[in-house]
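Structure record follows, encoded as structure tokens.
Heavy atoms only: backbone and side chains are in, while hydrogens, waters and symmetry mates are out.
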Amino acid sequence: MATRLLFGTPCARESIPDAGSTKNLNDALMKGRNQCSTQTFDQSLADLVLPGVVAFRMAVRIAGDPLDLELPLRGSR
């Protein structure tokens, strides 16, 4: 199952400058993956494509932003 994860950690809070705005939320989730254990839906999809759990073509169809999905997969296929 692909998921979007955001934990209310200090690291995550610092990465979202305006608490009332979700405008930069996707960027904050992407950047905080290693430090804050956050992830975007597309990062989660990429993690499922790599071992073959989800087909690449299906992932591209349901991705929020196909480019965000494809970036971590380049060189892996």
Side-chain angles (χ1 to χ4, degrees):
M1 175 189 318
T3 58
R4 178 187 294 192
L5 296 175
L6 173 63
F7 300 104
T9 63
C11 176
R13 283 189 214 109
E14 289 172 15
S15 66
I16 305 171
D18 181 2
S21 172
T22 58
K23 180 180 177 187
N24 300 321
L25 183 59
N26 213 47
D27 288 340
L29 290 172
M30 249 193 281
K31 292 175 184 170
R33 185 167 201 188
N34 294 329
Q35 285 183 285
C36 306
S37 298
T38 60
Q39 70 181 14
T40 66
F41 180 73
D42 295 338
Q43 286 173 321
S44 180
L45 276 176
D47 289 345
L48 295 170
V49 169
L50 287 171
V53 174
V54 173
F56 177 75
R57 294 175 99 180
M58 174 59 77
V60 168
R61 281 200 311 236
I62 62 175
D65 184 340
L67 284 177
D68 285 344
L69 170 71
E70 289 183 42
L71 286 174
L73 297 175
R74 289 180 193 240
S76 299
R77 292 188 289 146

[atom1] of [X] to [atom2] of [Y]: how many Å apart, nearest 0.5 Å?
| X | Y | atom1 | atom2 | value |
| --- | --- | --- | --- | --- |
| T40 | D68 | OG1 | CG | 6.0 Å |
| D42 | I62 | CG | CD1 | 9.0 Å |
| F56 | L48 | CZ | CG | 14.0 Å |
| Q39 | L45 | CD | CG | 9.5 Å |

### Task
Determine the minimum heavy-atom distance between A46 and L69, stating which atoms define it.
N-CD1, 3.5 Å

#### Entry: Least distance between heavy atoms, R74 atom then L67 atom
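So the two residues come closest at NH2-CD2, 4.4 Å.
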
### Query
If two hydrophobic side chains count as joined below 4.5 Å and joins carry through other members, does L73 share a cluster with L71?
no

